[in-house]
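See below for the structure under consideration.
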2 protein chains.
Amino acid sequence: MLTELRKQLPAEAVVTDSDVVEGYRRDSADLVAAGTPLALLRPSNTTEVQTIMAWASATGTIVVPRGAGTGLSGGATAIDGCVIVSMERMTIIRNFDPTNGTVTVEAGVINADVGRAVADRGLFYPPDPGSFEVSTIGGNLATNAGGMRCVKYGVTRNSVLGLEVVLADGRLLRTGGKTIKNVAGLDLTQLFVGSEGVLGIITAATLRLRPTPVATATFVASFADLEAGGEALNAIFASGATPSMLEIMDNATINAVENHQRMDLDRNAALLILGQTDGSDAERQADEIVDVCEKHGAELAMATSDPQEGEMLMRPRRLAGWATMEQSPTVIEDVGVPRTRLPELLGKIAKISADTGLSIATVGHAGDGNVHPMLQLPDLSDASRARAMEAADQICAAALELDGTITGEHGIGELKRHWLPNQLDEVSLDVQASVKRSLDPSGILNPGRGF
Amino acid sequence: MLTELRKQLPAEAVVTDSDVVEGYRRDSADLVAAGTPLALLRPSNTTEVQTIMAWASATGTIVVPRGAGTGLSGGATAIDGCVIVSMERMTIIRNFDPTNGTVTVEAGVINADVGRAVADRGLFYPPDPGSFEVSTIGGNLATNAGGMRCVKYGVTRNSVLGLEVVLADGRLLRTGGKTIKNVAGLDLTQLFVGSEGVLGIITAATLRLRPTPVATATFVASFADLEAGGEALNAIFASGATPSMLEIMDNATINAVENHQRMDLDRNAALLILGQTDGSDAERQADEIVDVCEKHGAELAMATSDPQEGEMLMRPRRLAGWATMEQSPTVIEDVGVPRTRLPELLGKIAKISADTGLSIATVGHAGDGNVHPMLQLPDLSDASRARAMEAADQICAAALELDGTITGEHGIGELKRHWLPNQLDEVSLDVQASVKRSLDPSGILNPGRGF
């Protein structure tokens with residue numbers, strides 16, 4: 001089958017060297033088993049992606065699209081006999097329109113590179129998943145990636161105006177455009193964002209940029225108990241403040257970070273609230289948030305408008321993942337609840353930790369009610385993995401009991417698919433399958449993923 | 001056919017009295033011819049909507065869903081032999097969660113009533129189409145309605161977290177939920193928003209509220225020429241200001257308003273820029289916008305933080321539609337362009353006005369590049385309507401030449417369908433038709449509308 005494809009693509013676009021292919025078999029979901037692909041395909045332009053899909057469609061070959069492989073749900077893990085289509089070589093910034101605040105980039109452009117390309121014109125691209133220095137715009141779009149700045153600026157779907165997509169049969173679809181508002185036809189742009197590669201391969205996107213804030217300020221507050229911290233979070237929102245980041249770290253995370261690097265964090269604190277404000281009244285808003293935290297029982301609360309000091313204050317949050325992973329193999333979970341229910345969720349997670357005997361450190365985007373319980377495995381044995389799966393299942397159940405979601409920003413991928421029927425009913429799953437069939441009737445695009 | 005339906009619904013839900021039905025045959029798109037419906041259906045709850053759709057599906061009856069009938073594209077105009085399903089009786093606010101800032105309302109709840117229901121808890125619902133005092137949430141969702149506040153808070157799709165939808169076959173679909181972030185499965189919520197009744201009937205929605213700003217300020221600036229005004233608009237954005245409204249009125253609109261009610265507007269001004277800022281630094285931001293306008297050649301520019309004075313300053317914009325309609329029969333167009341191209345668009349509209357001999361007054365949401373050229377017809381004769389259609393066609397062509405869209409917030413409906421192939425290619429239209437077929441295989445839901 002590959003012989004026919006090799007005739008149509010440049011030699012370097014079709015890779016079967018097993019040592020090379022091996023590096024593309026998995027994304028970052030350690031609990032998902034990887035299959036053995038037929039080949040790794042590395043198209044360098046949209047026409048080559050069309051060639052690949054036309055060939056895959058004709059031969060019935062399964063296609064697994066892939067960005068940088070930072071996904072945590074196994075949505076880019078190889079399936080036996082598939083071709084992995086890596087978008088890493090499509091890295092052209094096709095158009096930058098600073099006055100309108102739009103940029104059109106290919107799918108393989110790294111998130112942080114978009115930011116760097118537009119910064120000197122006083123603009124930034126808001127979505128900032130933890131992986132932003134390595135993950136690609138295509139992957140960010142396919143998973144509707146989130147990040148810390150989403151609490152003010154929205155998730156990836158809120159920063160995309162149009163897409164270029166190659167369909168299952170190789171046809172090229174263009175959606176949306178360059179305008180901020182657009183209601184011409186069904187919004188196919190929004191349909192493809194977050195579709196995890198099951199409807200088509202996103203090859204390029206027009207993104208919406210925002211003016212770089214004229215100032216930022218940073219705040220941090222520690223709480224001796226979860227309830228007080230939870231009430232402070234709600235009070236921050238009720239105050240009308242619009243923080244550009246609003247994060248939490250629990251006691252286990254605080255200690256993991258302090259173990260990793262001494263920062264004089266309070267090892268007894270139940271909860272750390274930390275974040276930023278931006279805009280011309282950034283300092284005033286940060287001061288007001290500190291006031292609110294103090295009124296709601298913060299042990300220690302402070303704000304700064306000094307950018308360097310601010311980075312120091314945010315550093316524990318940025319290190320949280322690394323610090324936890326340094327201690328032990330870590331599975332990063334991802335659930336969401338209405339934000340008032342965060343303290344309840346944290347209480348349930350503590351109980352799950354006690355029940356399963358797994359240490360769980362939780363960080364997250366409190367302002368959006370989206371947290372990442374980090375399951376710390378003693379080792380990577382099958383028994384430990386099974387225990388992690390059991391804890392993850394219980395965390396998903398806890399989120400659903402609290403009117404929440406089993407995934408806030410990481411996606412369903414393959415990892416969470418068995419849990420989805422607990423959140424979505426049969427009608428919803430059936431409608432999703434219908435939409436999928438309408439775009440990919442033979443089911444070659446990332447089957448078994450996304451829903 | 002109706003006999004069977006009458007058995008399954010309360011008597012008051014099935015209306016065939018032609019005097020009553022007559023009032024439901026049209027929406028507000030004067031250029032679209034209305035058909036003769038079989039009946040008007042007025043369900044009072046979701047189960048009745050399910051009964052209607054199961055019956056319509058079994059009998060192959062065409063269904064045209066309808067909110068308040070304020071649509072300007074004919075998306076709710078009767079089709080011969082259809083049933084009109086008016087959602088006006090589904091007006092229950094099912095749940096209000098002030099701490100999480102969410103409210104779940106039925107489709108027939110009026111937009112302004114949502115605002116009134118949540119105001120005393122310090123919250124507001126941002127999307128504010130011009131019709132917000134009469135239009136329904138269901139209609140707003142079906143058209144992805146816009147409004148003045150969208151420039152800061154986004155359009156309707158950015159304020160919805162979940163939907164309840166009755167499908168073509170009568171099944172009940174629930175999408176999304178109560179969490180701000182949610183990537184569990186394909187985002188069906190976003191697929192239904194803006195789908196103009198062709199995929200299902202939205203019966204209820206969970207909406208996202210925002211804290212009422214602690215302060216607002218208002219600014220206004222007049223310009224002797226369009227180019228200077230256009231440069232001021234771009235400079236406002238480049239400054240990092242985030243106005244909560246940023247509107248324009250052209251010379252014809254200024255004069256229509258001044259004719260309607262003396263306000264001492266400058267009848268010679270080419271462009272009026274007016275809007276609001278909000279938040280704790282509202283006054284400062286409004287002052288900065290005034291500064292920017294003055295630097296870019298404003299003849300007169302002022303700001304106020306007094307709410308009453310602010311309402312006075314915004315009054316010309318709010319009266320613009322009425323003032324124009326008072327002068328003559330008016331067709332309100334709706335196009336969008338990348339915002340830097342607004343001056344070019346206004347120039348093209350002036351030429352179209354001269355070529356067709358129709359007076360065209362243009363207002364709009366400059367911050368989003370979305371404007372409403374208001375075509376002033378001498379009368380409602382067939383010849384005048386044809387002239388209006390010709391001018392509307394030329395305006396759509398002008399928007400597309402400038403990388404724009406033929407509709408920014410009013411939708412395709414029936415009116416703009418013949419223009420859509422000039423914006424979307426065959427692949428896009430084919431994909432839309434596939435998605436439609438996957439959800440409504442027999443094509444009974446609002447056929448011939450939306451795409």
Side-chain angles (χ1 to χ4, degrees), chain A residues 99-100 122 143-144 146 155 158 171-174 177-188 190-191 194-195 211 213-214 234 237-238 240 280-281 284-285 336-340 368-370 403-409 411-412 420 423-425 427-428 431-432 434-435 437-439 451, chain B residues 99-100 122 143-144 146 155 158 171-174 177-188 190-191 194-195 211 213-214 234 237-238 240 280-281 284-285 336-340 368-370 403-409 411-412 420 423-425 427-428 431-432 434-435 437-439 451:
Chain A
T99 322
N100 281 305
T143 55
N144 187 25
V155 292
N158 303 123
R171 285 183 301 167
L172 188 67
L173 171 68
R174 290 189 181 84
K178 278 191 70 176
T179 60
I180 293 170
K181 289 161 75 177
N182 186 356
V183 291
L186 300 175
D187 197 325
L188 300 179
Q190 295 296 327
L191 179 62
S195 66
V214 290
N234 294 330
F237 277 96
S280 57
D281 65 340
R284 180 167 152 181
Q285 282 207 51
V337 292
R339 64 176 180 247
T340 55
D368 290 322
N370 176 211
D403 272 345
T405 176
I406 61 172
T407 176
E409 60 181 15
I412 294 297
L420 197 57
Q423 178 166 349
L424 302 182
D425 67 15
V427 175
S428 173
V431 168
Q432 305 203 32
S434 297
V435 173
R437 271 195 306 273
S438 74
L439 283 158
F451 67 86
Chain B
T99 322
N100 280 307
T143 55
N144 187 25
V155 292
N158 304 123
R171 286 183 301 167
L172 188 67
L173 170 70
R174 289 189 182 84
K178 280 190 70 178
T179 60
I180 293 170
K181 288 161 77 177
N182 186 355
V183 289
L186 299 175
D187 197 325
L188 300 178
Q190 295 296 328
L191 179 61
S195 66
V214 292
N234 294 331
F237 277 95
S280 57
D281 65 340
R284 180 166 149 181
Q285 281 207 51
V337 291
R339 65 179 180 247
T340 54
D368 290 322
N370 175 212
D403 271 344
T405 175
I406 61 172
T407 175
E409 60 181 16
I412 294 296
L420 197 55
Q423 178 167 349
L424 302 181
D425 67 15
V427 175
S428 173
V431 167
Q432 306 206 30
S434 296
V435 172
R437 271 194 308 273
S438 74
L439 283 159
F451 67 87

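Proteins come first, then strands; the chains are lettered A, B, ... in the order of their sequence lines, and each starts at number 1. Fair warning: this is a prediction, and the values are worked out from it, not measured in the lab.
For L439(A), the part lying near chain B is the side chain, with the backbone staying farther off; criterion is any non-hydrogen pair under 4.5 Å. The parts of D368(B) that come within reach of chain A are both its backbone and its side chain, each placing non-hydrogen atoms under 4.5 angstrom from that chain. Interface remark: L420(B) contributes side-chain atoms only to the contact with chain A (heavy atom separation under 4.5 Å). With a 4.5 Å cut-off on non-hydrogen atoms, D403(B) touches chain A through its backbone and its side chain both. Heavy atoms closer than 4.5 Å to chain A are found in both the backbone and the side chain of R339(B). In this structure, chain B has no heavy atom under 4.5 Å from any part of R437(A). Heavy-atom distances place the side chain of V214(B), and not its backbone, under 4.5 Å from chain A. Both the backbone and the side chain of L186(B) have a heavy atom closer than 4.5 Å to some heavy atom of chain A.
Not one N or O on the side chain of N234(A) forms a donor-acceptor pair closer than 3.5 Å with the backbone of T99(B).
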### Evaluation steps, side chain to side chain contact (heavy atoms under 4.5 Å, CB included), between R174(A) and D425(B)
CA-CA 8 Å; R174(A) 290 189 181 84; D425(B) 67 15; 4.3 Å; yes
### Task
Run the numbers on N158(B) and N158(A) for side chain to side chain contact (heavy atoms under 4.5 Å, CB included), then give the verdict.
CA-CA 8 Å; N158(B) 304 123; N158(A) 303 123; 3.2 Å; yes
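Interface summary for chain A: among V337(B), D187(B), L424(B), I406(B), the most heavy-atom pairs under 4.5 angstrom belong to D187(B). Options G240(B), S428(B), A184(B) differ in how many heavy-atom pairs under 4.5 Å they form with chain A, and the most are formed by A184(B). Per-residue counts of heavy-atom pairs under 4.5 Å with chain A were compared for G369(B), G404(B), G411(B), G177(B); the largest is that of G411(B). Top candidate by heavy-atom pairs under 4.5 Å with chain B, chosen from S195(A), S434(A), G408(A), is G408(A).
Closest non-hydrogen pair, T143(B) versus V183(A), comes out as O-CG1, 3.8 Å. Smallest separation of non-hydrogen atoms from F451(B) and G185(A): CB-CA, 4.1 Å. In this structure, S438(A) and S438(B) approach most closely via the heavy-atom pair CB-CB, 3.7 Å. Nearest heavy atom pair, residue Q285(A) against residue S280(B), reads CG-OG, 4.4 Å. In plain terms, the two heavy atoms of K178(B) and P338(A) that are nearest each other are CB-CG, 4.0 Å.
Partners of T405(A) according to the side-chain hydrogen bond (donor to acceptor under 3.5 Å, both in side chains) rule, which considers only residues two or more places apart in sequence or in another chain, are Q423(A), N182(B).
Residues V435(A) and L191(B) have side chains in contact (heavy-atom distance under 4.5 Å, counting atoms from C-beta outward). Within the 4.5 Å cutoff, side-chain heavy atoms of L188(B) are placed close to those of Q432(A).
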